[in-house]
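Let me begin by presenting the structure, written as structure tokens, before commenting on it.
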Number of protein chains: 2
Amino acid sequence: MFDRLKISLDRLLPVTRDEFMYFATLLTPRRLAKHESLLRGGEVCSHIAFINQGCLRYYYLKDGDEYNGQFFFEGAWVGDYQSFLTGQPAVQYIDALEDTELLVIKRTDLQALYAERPVFERFGRLLAENIVIGSQRRTASLLFDTPEERYLKLIAERPKVMERIPLHHIASYLGIKPESLSRIRKRLADNR
Amino acid sequence: MFDRLKISLDRLLPVTRDEFMYFATLLTPRRLAKHESLLRGGEVCSHIAFINQGCLRYYYLKDGDEYNGQFFFEGAWVGDYQSFLTGQPAVQYIDALEDTELLVIKRTDLQALYAERPVFERFGRLLAENIVIGSQRRTASLLFDTPEERYLKLIAERPKVMERIPLHHIASYLGIKPESLSRIRKRLADNR
DNA sequence: TCGATTTCTTAACCCAGGTTAAGATACGTC
DNA sequence: GACGTATCTTAACCTGGGTTAAGAAATCGA
């Protein structure tokens with residue numbers, strides 16, 4: 001049950017068996033059915049979740065339309081950082097895109113863990129730093145890549161997204177409408 | 001010389017006078033003239049800098065065009081996170097937009113500080129977490145706000161940017177060309 | 001198994017931002 | 001004070017994504 005978590009943690013920084021066991025006691029398993037939601041906008045994000053199996057997305061709602069911010073697969077952590085850290089209502093919605101198994105940790109338990117075990121404080125820093133890198137890459141791509149370029153990069157860099165996620169969700173992630181993604185795909189198929 | 005830094009640190013988390021003094025010994029003052037660069041793409045970002053006075057931007061270069069990622073003013077930290085953390089060549093360029101005074105810390109010194117003083121490990125986490133929040137907000141705005149909406153939000157939320165930064169740099173930050181920003185401004189001036 | 005829903009595509013028309021070119025101010029600096 | 005540069009604007013034309021509408025194909029659920 002905790003195998004994937006151990007591997008995922010160790011990739012960021014090695015923890016002793018003892019420290020890991022303690023961490024594991026703070027985690028609660030949770031299952032989400034496909035399309036079930038982990039967090040709704042307006043709620044406070046009081047937990048973050050490690051994905052043991054499955055796939056989720058977070059998205060924003062504006063004028064009734066959804067805009068996919070990011071997709072997450074097994075081995076990643078999900079949560080609304082802004083809400084989790086500040087205690088303010090979430091602006092993000094988080095849904096499962098497949099039947100999903102999570103390991104969930106409460107905000108207050110994580111805060112206490114940071115204070116008690118320095119190695120996890122470091123883990124928190126490394127995790128946040130890695131998220132910064134990913135988020136800045138995404139910002140840069142939205143700033144200066146065309147939708148077509150973003151689509152091609154997605155195919156090249158994140159095959160899992162192409163394999164497991166419907167095209168209309170991908171379009172939303174790319175910042176365009178499904179019809180436009182179809183058009184781009186046709187353009188590319190008619191070899192440019 | 002360290003007053004603004006102390007205030008800025010304390011806002012994230014309080015440090016004792018003693019801890020602060022130790023931190024200060026790791027910092028080197030540095031001045032940049034307007035338009036001088038702190039980091040060029042391709043270099044490794046081996047330092048991060050606290051802005052004591054002045055203003056900088058980081059930008060990306062693509063096909064000879066600059067794309068402004070972010071602006072920073074006194075009280076903020078600047079650096080290419082991706083390069084600083086991974087040791088890979090920077091993809092960002094960092095320039096001063098005004099004559100600027102910095103306090104610079106070396107990567108290796110900061111790493112050592114994290115290991116020696118837990119309070120700074122925590123500081124590093126909190127700083128990274130705050131950057132995540134800012135970066136995700138920016139991503140979201142690029143994803144679903146129109147350029148006009150982004151411009152209006154910038155006026156409302158970041159008056160310093162409007163006061164101190166040329167419009168063509170603001171256009172680049174908004175993801176549009178200077179001519180388009182002029183058009184948007186005209187549209188708004190002709191009251192909608 | 002069969003109707004309903006989800007997913008994906010196509011096409012016609014519209015529009016905001018890009019491109020190109022030009023000109024007006026303001027700013028520096030020698 | 002004058003020349004060059006940086007900043008900002010305007011306008012005509014172009015283009016790629018949005019909108020609307022429709023239909024085909026795959027999947028789901030009862």
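We name chains A, B, ... by the order of the sequence lines, and we start the count at 1 in each one.
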Worksheet item: Please give, in whole Å, the distance from C:dT7 C1' to A:His35 NE2?
Response: 11 Å
Practice prompt. May I have the distance from B:Lys62 (atom NZ) to C:dG18 (atom C1'), rounded to whole angstrom?
Written response: 14 Å
Practice prompt. Verify salt bridge (charged side-chain N to carboxylate O under 4.0 Å, His left out) between A:Glu19 and A:Arg117, making sure each step is shown before the conclusion.
Written response: CA-CA 8 Å; A:Glu19 282 159 345; A:Arg117 311 265 175 144; 5.6 Å; no
Response to the item:
B:Tyr67 OH to C:dG18 P, in whole Å, measures 9 Å
Practice prompt. Write down the distance between CD (A:Glu148) and C1' (D:dG16), rounded to a whole number of angstrom.
Written response: 10 Å
Discussion item. Taking the nucleotide of DNA chain C with the nearest heavy atom to each, does B:Thr146 or B:Lys34 sit closer to the 5' end?
Written reply: B:Thr146
Worksheet, complete the sentence: Note: for A:Leu181 and B:Pro178 on DNA chain D, the residue whose nearest nucleotide lies more 5' is B:Pro178
Item to complete: Might you point out which heavy atoms bring B:Cys45 and B:Asp80 nearest each other, and give the distance in Å?
Response: SG-N, 3.4 Å
Worksheet item: For DNA chain D, what residues of residues 152-175 of chain A have any heavy atom nearer than 4.0 Å?
Response: A:Gly175
Response to the item:
Side-chain atoms of B:Ile176 come closest, of C:dG17, C:dT19, D:dC8, to C:dG17
Discussion item. Is it the case that C:dG17 (base atoms only) and B:Arg187 (side chain only) share a donor and an acceptor within less than 3.5 Å, ignoring hydrogens and angles?
Written reply: no
Worksheet item: Hey, which of these two, B:Arg183 or A:Glu179, hits DNA chain C nearer its 5' end, going by closest nucleotide?
Response: A:Glu179
Response to the item:
Separation of D:dT7 atom C1' from B:Asn68 atom CG, nearest Å, is 15 Å
Fill in: A:Gln53: side-chain hydrogen bond (donor to acceptor under 3.5 Å, both in side chains) partners, not counting sequence neighbours
none
Discussion item. Can you list everything that forms a side chain to side chain contact (heavy atoms under 4.5 Å, CB included) with B:Tyr151? Sequence neighbours excluded, please.
Written reply: B:Ile155, B:Met162, B:Leu174, B:Leu181, B:Ile184, B:Arg185, B:Leu188
Response to the item:
Separation of D:dT7 atom P from B:Lys177 atom NZ, nearest Å, is 16 Å
Discussion item. Taking A:Arg4 first and then A:Glu74, would you say they form a salt bridge - that is, a charged N and a carboxylate O separated by under 4.0 Å?
Written reply: no
Response to the item:
Between CG of A:Asp63 and P of D:dT19 the distance, given in whole Å, is 11 Å
Worksheet entry | Shortest side-chain distance from B:Ser182, nucleotide among C:dG17, D:dT10, C:dT9 | D:dT10
Discussion item. As an exercise, state the distance from OH of B:Tyr93 to CD of B:Glu43, rounded to the nearest 0.5 Å.
Written reply: 9.0 Å
Worksheet item: Are A:Glu148 and A:Arg187 within salt-bridge range, i.e. N to O under 4.0 Å?
Response: yes
Worksheet item: Within the structure, does a side-chain N or O atom of B:Ser180 lie under 4.0 Å from either OP1 or OP2 of C:dG18?
Response: yes
Worksheet item: Whole Å only: how far is the NZ atom of B:Lys186 from the P atom of D:dT10?
Response: 5 Å
Worksheet item: Which part of the nucleic acid, if any, lies within contact of B:Arg185, taking any heavy atom under 4.0 Å across all strands shown: a base, the sugar-phosphate backbone alone, or nothing?
Response: sugar-phosphate
